[in-house]
Structure formats: structure tokens, C-alpha cells
Amino acid sequence: MSDAENLDKNGHRGVDLYHRGNGLPAFTLAYAKTAEILTADSLAVTPAEMHGLIAGMLSGGLALEEGSWLTMLYDYTNQGMGWPTESKTLAMQSYHQLKTQLTGTDLDLDIYVPDDEHSGVVARAEALVEWINTFLAGVGLIGTKGRKLSKDVTEALSDLKEVAQLGIDEDGDLQEQADLLEQVVEHVRVCSLVVHAELGARLETDDETPKTRH
């Protein structure tokens, strides 16, 4: 069993989404196992889609309360039916880590896609597109209608829609495209943080003013 796997009290093999190893970001080592669990639970959703949707809801202004996001997750991905225990646990781990990242002071955000070394640039690009599309859907679920959006947020959302048209030329130089993809992933991260900085809910503190990234 790898360090990224664990057994729950019932003996079920799960995934530690907080695991970090070999210098790789959180989630990286667990992506394939997460996909396996979602598929085994008959859920037509990829890890990137799950993560992107939750990130989008939080960035769109989801109230930081337990429960409401799960209902929207079920409605969007499973016709309103709840997720089996292991998959629900993965979603909850994603939610809590994203909430910590997005409401923290470090302006940090992990984009949950497979790493190039293990999956290849094509799979990584496809997962990134899935993440973006569900991020935009998550923002839309919370609703931007009737809300006046700044130029920065409007441009960020527009950029994300353009990046979602991303494609990899399998006959081209894959290493060059892999290098470019890393720049695209960083741009997606920044755009997502821009959206959250304006629309996302913040943890309330007595003496801290939310920071906005320019």
C-alpha cells in the first residue's frame, strides 16, 4: 500500500488527499486512485471535475457552511442522489483543503490534475479543461447574475473560457507543449484566485481585512 492510501475503520482502502511526497503538490500522487474510487462508485465525474466544481462554488461566493455545497454537488453530478461514502469523503477532503487555501492569506490554490510525469501531457491537458469547465459551472451555480463584476473578474472568466478550448497536438513536440501547459496551469490558478478575491466568501475575523490580488 502506498503512503497516499489508508484503510478506514471498516477496512476500506481510501486516499489521503493531503499527502505530499517526493516534492509533488498535494493531490498529485492520489489522482489515479481518486479516479478509481469515483468510477467504482458509478459516478460519472472525474477527480478534476469534482475539484473544479467545488473550487468554483467557493470562488463564486458559496457560504462557508457545511452541507449546502454537498446538495449542489449531488444535483450537478448525480441527479440529486448522494455519493457513496468513500467518494463523499474525497469530496469533503477537497472542500476543506480548498476552503483553507482560498480563505487563507497565502493566496494558494492547487489545480487538481494528474502530473505530467505519470500521465502524460495529453491527459493532463484534458483534465485541466475538465477542471476549468466545472470551475466555471460552480461559479455559475452560485450565480453572477445581478452582481456587478469588475474588469479584472470579467477578464479572468473570459480567459478561463478561452483556455477551456485548449488542445494538444499529439503529432507535435510534446515536451514543448508540456512546458507551455505548465504556464497555462499557472494562468488558470491566477485567474481562479482573481475570481475568488472578489466574489468568494471569506472567513470573518475581527482585525483582518481581506486581501485582494491585483
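Note that the numbering runs from 1 along the sequence shown for the chain.
- To the nearest 0.5 Å, the span separating CE on Met92 from CG on Leu73 amounts to 11.0 Å.
- No hydrogens or angles considered: a donor-acceptor pair under 3.5 Å links the side chains of Asp179 and Gln175.
- You'll find the side chain of Leu90 reaches within 4.5 Å of the side chain of Gln93, heavy atoms only.
- Of all heavy-atom pairs spanning Pro114 and Ala127, the tightest one is CD-CB, 3.4 Å.
- No side-chain heavy atom of Met50 sits under 4.5 Å from any side-chain heavy atom of Glu130.
- For the 3.5 Å distance criterion, the side chains of Trp131 and Thr46 fail to qualify, holding no donor opposite an acceptor.
- Atom CG of Leu102 is separated from atom NZ of Lys99 by 11.0 Å, given to the nearest 0.5 angstrom.
- Judged by distance alone, the side chain of Thr39 and the main-chain N or O of Ala35 form a donor-acceptor pair under 3.5 Å.
- Proximity of Leu181 to Leu166: side-chain heavy atoms (C-beta onward) are separated by under 4.5 Å at one or more points.
- The OG atom of Ser68 sits 4.5 Å away from atom CG of Leu62, with the distance rounded to the nearest 0.5 Å.
- The only option from Ser87, Pro84, Pro47 that meets the side-chain contact (heavy atoms from CB on, under 4.5 Å) definition with Ile37 turns out to be Ser87.
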- Query: Does the pair Leu160 and Asn133 meet the rule for a side-chain contact (heavy atoms from CB on, under 4.5 Å), with working shown?
  - Reply: CA-CA 8 Å; Leu160 289 173; Asn133 283 331; over 6 Å; no
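- With 3.5 Å as the limit, one finds a donor-acceptor pair spanning the side chains of Tyr112 and Thr34.
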- Message: Is there a side-chain contact (heavy atoms from CB on, under 4.5 Å) between Ile111 and His51? Walk through the geometry before answering.
- Response: CA-CA 8 Å; Ile111 305 296; His51 191 262; 6.0 Å; no
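- If you take CG on Leu98 and OG on Ser59, they are separated by 8.0 Å, rounding to the nearest 0.5 Å.
- Checking Asp110 against Gln101 by side-chain atom types alone, a donor-acceptor pair falls below 3.5 Å.
- Contact annotation: the side chain of Leu149 approaches that of Leu199 to within less than 4.5 Å [non-hydrogen atoms, C-beta and beyond].
- With values rounded to the nearest 0.5 angstrom, His96 atom NE2 is found 10.0 Å from Ile54 atom CD1.
- Between the side chain of Asp41 and the backbone N or O of Leu43, no donor-acceptor pair lies under 3.5 Å.
- Side-chain contact between Leu53 and Tyr76 is present, with at least one heavy-atom pair separated by less than 4.5 Å.
- Nearest heavy atom pair, residue Val194 against residue Ala156, reads CG1-CB, 4.0 Å.
- Residue Arg124 comes nearest to Asp115 through the heavy atom pair NH1-CA, 3.6 Å, listed as atom of the first residue, atom of the second, then distance.
- Between Lys148 and Glu198 there is no salt bridge, since no side-chain nitrogen of the basic residue lies less than 4.0 Å from a carboxylate oxygen of the acidic one.
- Side-chain contact between Met57 and Thr134 is absent, with no heavy atoms from C-beta onward closer than 4.5 Å.
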- side-chain contact (heavy atoms from CB on, under 4.5 Å) between Tyr95 and Leu58, worked out: CA-CA 9 Å; Tyr95 170 82; Leu58 285 167; 3.8 Å; yes
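- Two residues are said to be in side-chain contact when any heavy atoms from C-beta on lie closer than 4.5 Å; Lys88 and Leu70 meet this criterion.
- Ring pair Tyr74/Trp83 is tilted by interplanar angle, where 30° to 60° counts as tilted.
- Residues Asp108 and Arg189 approach most closely at CA-NH1, 4.2 Å, considering heavy atoms.
- The shortest side-chain heavy-atom distance between Gln177 and Val122 does not fall under the 4.5 Å cut-off.
- One distance of note links CD of Glu162 with SG of Cys191; it measures 10.0 Å at 0.5 Å rounding.
- Note on Leu180: it does not cluster hydrophobically with Val113, by side-chain heavy-atom contacts below 4.5 Å among ILVMFWY residues.
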